[in-house]
Each structure stands twice: as C-alpha cells, then as structure tokens.
Amino acid sequence: MKCSEISELLPWLVSERLTAEERRRVERHLKDCDRCRADLEATVVTLRAADAHIPGPALVAFVASGSWPEPDGPVFSDHLAHCAECRTEADRARASFRLLDSEPKHPWLVNSRWRSLALAASIAGLIAVSGWSWTWWVLSTERNSLRASLRNLEQRPESHPVAQDKDLPAGVPGGPGFPRIDLQVVELLPDDLVLRGSSIEAITAVDDASTRATVLLLLTNDVTDYEDHRVELRDSQDRVYWQVEGVHRQAGGGFSLLLPPGSLPADPVTILLSGKRQGRWTVMGTYRVRARSSLD
Amino acid sequence: MTRRGRNPDADFLAGDPDAIRTVEGWVRKASGPYGASLGPNFEDVVQDALVELTLDLRRKRFRGEGSFKGYVWRLANHACIDRLRRERSRTWIDVETLDLPASGSSPFSLVAEKDAVRDLLRIFNRLPESCRELFRGILEGKSYQEMSEEIGVAAGTLRVRVARCRQQAVTYRRSDGRHEV
C-alpha cells in the first residue's frame, strides 16, 4: 500500500473501524514507514482532541457560578463556543439550576408532614381570627347599644317635663340635698373569650361598687333563641347569693344587669348567665368581677 | 443523633427516611432536564447519583461550604452529563497493541497524562473550524464521500485537508513545549 492510501485509513484505524484485513495491511506498512508512523501519532492526537470536552464538574460549576475554574477558563470558554455537545449539556444544566432557583426557600415546606401541619395551623388561625373578629363586633355593638340606652336614660322626654333640680323640694330624689346616684358601666367578657396572657384581665375590677351603682354588660357569643334568661351571682364558695330571671337580651345581643351600691362583696364574684330551653337551663357565659374601692 | 432537619446531610447519611426521600426528590428534579436524553437510563442515573452522594458524605467531601441542596444539585448534574458522555463514548485503538517498532519516547503519551484533556482542548481550539468540522465527521463514522456531500467539498480535497489538519495539531502540540515527539 502507498503512503497516501495508508494516510487516508489512519483515522479509521485509530477509531477501530477498519476490517481485520485492512488493519493487518496498515500495520504491515507502519512497521517500515517512519513517516506514516508520524502521521499515526498526529491522527491520534487530532482525533482525541476532537473528542475532548470540558470536564463535567467544570461545566456544571460554570453554569452554577458563572465563572470558570482557573487557569482553564479561556480554554474551556473557547471550546464551549464551538462545541455543540458541550453547549447542549450547558443548556440542560442551566435548565436544572433554574429549577433549583425556583425551589421553596424553606425546605420544611417540601416535607408533606410539615405541609399538613402548616395547613392545620392556617385553618386554626383562621378560626381564631374569625372568633376574635366576632367578639370585637359583639363588643362594639353592645357598647354602642348601651351608650344609646344610657343616653335615653339621661334624656328627659318632652312629654314628661321634669322640674329642674333647684325647683325640687329637699329630700326628693333629684332634688337638693338628695345624694346623687353614681353610675358606672362595665363590659364583661365571658371566661371562654378571655385570652390568657392578654391585656384583658380574667377578673374584671369594678370601681367603688360600695358607693356606686353598677351596670354590668354581659357579652356572649351564644345567640341561641332561649325562652328565658337567668343571672346568678355566686360568691367565692360558689354559693348563689343572688339571682334574677326574666332578663332580656339587649338589641346588640348582650345582657345588662343593674347592681345597686353594695351588692358586690369584696371577694371575687362569679356571674353565671344561663338560658332556658325546653325546661333546661344552659350556661351561656361565666364572668368574674371584683369590687375595688378607691382605697385599693 | 442529629436534630432532624438541621443537618440534612447527616440525616441522609444516617438513613432518616424523610431525609432520603427529600434528597432523592432533589436528585430527580435536578436530573429532569436530562430525562429525554437519558431515556430508560434515567432511574439508573438517579441511583448512581445517590450512591455517589453517600460515598462523598462518608469521605466528608461535603464540608458545609454552601448549601447541601446545591451540592446535591451539582452532583446530580455531574452524574447525568457523565452518563450521557459514556453513552456516546467512542472506542479508540490501543496503539500499544499495534505491532510497531519501539521508539524513544512514546508519541502517544499525551493522551495518558492527567492534563491531557486541557491540552487536547487547547489544541483543538486552535485548529480552524474546517478542521474541527472534518474530524467531528470522522468521529461520527462518516466516510469521506458522506462528508464531501455534507460539506460540499470534493472527497479528494477532504483527504488532503485531513493530512493538513493532523500536521497542524501536532505543530500546536509541539509549540506548547510540553511534549516532544
């Protein structure tokens, strides 16, 4: 075989695509031809160079960080410019790292158990917020209703003109010398609406209950349409020392209770509000108050 | 025993089922873009990546610099690229098996050295695009005739070009000053 023929076959010798017979003929020639052996070396170098690619770790690191490792940066960068295979691999790596960037930042969100807990906590939070909102609405409504009622109490209707104080004889309520009734209004939340640790106290202090009449406004979430309502006052030994039935619900849904001066003892008092339905009494709310004198 | 969730790498190595499930999920997601190319080998690659990760963690190759998740992501990408390259790897003749007279220094030592890849890339980068195109065609097993039809150059011209490109490659290698023939 001539050198020119051998030279043409060298790439296929190196890439093992020659038949056994062709390989024998080429080897036989190479044994005696320095020039063709030099060509063989050149062929090996060139084909291996053509099959060389950027090392996988370097390619991935480049995609992840945007920079090549030193000192190979220029070589790898040049290769990427003309190697379609490396560019395809780089594109896939970029797509992979875009998925990493889109991953949730908090790994616990990926865990299904934590997702379930998060969902349960969200629902519980929603229920709590709804309950507080309802309570706030009840409080606001009752407050407004009570103020309106008090204004009605204070205002004298034109059809029933009342003499001025100075016109009343002495000793008559409202007249000169007659002690004025000092009134206070206290809103009470039921026990189950009092948040432990919140600024709302579990026991509501009622000022100067010995000298002042007190209107207690009992707020409740229970909107059941009962046949009748009852209020009980219980002392610290849980003994009922005062009760009244026939209490009516105010327009806003709460219940008002007027206590004369001195009807609240010094010890904490428990107030039970109950509703009657089909002969059975059901507790609608439990409240706690304590009288506090100005000397406390 | 680690506090679960704080050291995902330690949890994974300790065999915590949640950690393993999470890490496997990461590997699958990171390997997703390679799925079409890997085809039926995808599951093998996922398992290869998990094995590689286990070995890396045992050898303490992950030193906590950067996120563990990012480490897993890079490892999964390595595994995919490595598998794809193995699938298309070409066989080369072992020139030592050729019945040739021994020479002073092996002219084929270039491909055996650890810096060979960088040197080969440097050589190939310097070749003109016509040479690169020609040798890529040879790598793909195309005949001179096939390449002639593709490129639009006569087969005889391509044969001459092969010889010239070979010589240029050797010249570039010599000019690096690292290897002498």
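In what follows, chains are A, B, ... by sequence order, proteins preceding strands, each numbered from 1.
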statement: With chain B, the option among A:Arg28, A:Glu89, A:Glu27 that has the most non-hydrogen atom pairs under 4.5 Å is A:Glu89
- request: Find the distance between CG (B:Leu120) and CG (A:Leu47) and round it off to the nearest 0.5 Å.
  value: 11.0 Å
field: B:Arg74 versus chain A, the contacting section by heavy-atom distance below 4.5 Å
entry: both
statement: All heavy atoms of B:Cys165 vs all of A:Thr46, minimum pair found to be O-OG1, 4.3 Å
- line: Heavy atoms of B:Tyr144 and A:Pro11 approach each other most closely as OH-CG, 4.4 Å
statement: Smallest heavy-atom separation, B:Phe124 atom then A:His82 atom, equals CD2-CE1, 4.0 Å
- prompt: Picking from A:Ile54, A:Asp78, A:Asp51, A:Val63, which has the most non-hydrogen pairs under 4.5 angstrom with chain B?
  reply: A:Asp51
- request: Starting at CZ of A:Arg17, measure out to OG of B:Ser143 and round the result to the nearest 0.5 Å.
  value: 11.0 Å
message: Is B:Leu84 close to chain A through its backbone or its side chain, or both, or neither, when contacts mean heavy atoms under 4.5 Å?
response: side chain
- prompt: Between A:Ala38, A:Ala95, A:Ala49, A:Ala64, which shows the greatest number of heavy-atom pairs under 4.5 Å with chain B?
  reply: A:Ala49
field: Contact check, side chains of B:Lys69 and A:Leu100, non-hydrogen atoms, under 4.5 Å
entry: yes
- prompt: Any donor-acceptor pair under 3.5 Å linking the side chain of B:Asn125 with the backbone of A:Val75?
  reply: yes
query: Shortest non-hydrogen contact from A:Gly56 to B:Arg85?
result: N-NH1, 3.5 Å
message: A:Arg92 vs B:Ser37, test: side chain to side chain contact (heavy atoms under 4.5 Å, CB included). Steps then yes/no.
response: CA-CA 10 Å; A:Arg92 291 204 178 104; B:Ser37 300; 2.5 Å; yes
query: With chain A, which of B:Ala30, B:Pro33, B:Gly141 has the greatest number of heavy-atom pairs at distances under 4.5 Å?
result: B:Pro33
Within-4.5 Å side-chain heavy-atom neighbours: B:Gln167 and A:Asp39: yes
- prompt: Which bit of B:Glu133 comes within less than 4.5 Å of chain A, counting heavy atoms only: side chain, backbone, both or neither?
  reply: neither
- request: Report the option among B:Leu158, B:Asn77, B:Ile81 that has the most heavy-atom pairs separated by less than 4.5 Å from atoms of chain A.
  value: B:Asn77
task: Just give me the residue among B:Gln168, B:Glu129, B:Arg88, B:Lys29 that pairs up with chain A most often, heavy atom to heavy atom, under 4.5 Å.
output: B:Arg88
query: Would one find more than 12 heavy atoms of other residues, nucleotides or ligands at under 6.0 Å from atom CZ of B:Arg86?
result: yes
query: How close do A:Ala50 and B:Phe135 get, heavy atom to heavy atom, and via which atoms?
result: CB-CB, 3.9 Å
query: Of all heavy-atom pairs between A:Val45 and B:Ala169, which one has the smallest distance, and what is that distance?
result: CG1-CB, 4.5 Å
query: Residues of residues 145-154 of chain B under 4.5 Å from chain A (heavy atom pairs)?
result: none
field: CZ-CD1 distance between A:Arg48 and B:Ile123, expressed to the nearest 0.5 angstrom
entry: 12.0 Å
message: At a 4.5 Å cut-off on heavy atoms, which part of A:Cys86 comes close to chain B: side chain, backbone, both, or neither?
response: side chain
message: Heavy-atom cut-off 4.5 Å, strictly under: side chain, backbone, both or neither for A:Leu13 against chain B?
response: both
- prompt: Can you tell me how far OG of A:Ser15 sits from CG of B:Leu139, rounded to the nearest 0.5 angstrom?
  reply: 7.5 Å
query: Do NZ/NE/NH1/NH2 and the carboxylate oxygens of B:Arg118 and A:Glu70 come within less than 4.0 Å?
result: no
B:Arg166 (side chain) donor-acceptor with A:Ser7 (main chain) under 3.5 angstrom: yes
- request: For residues A:Leu99 and B:Trp73, determine if any side-chain heavy atom of one lies less than 4.5 Å from a side-chain heavy atom of the other.
  value: yes
task: Using non-hydrogen atoms and a 4.5 Å limit, figure out which bit of A:Arg23 sits close to chain B: side chain, backbone, both or neither.
output: side chain
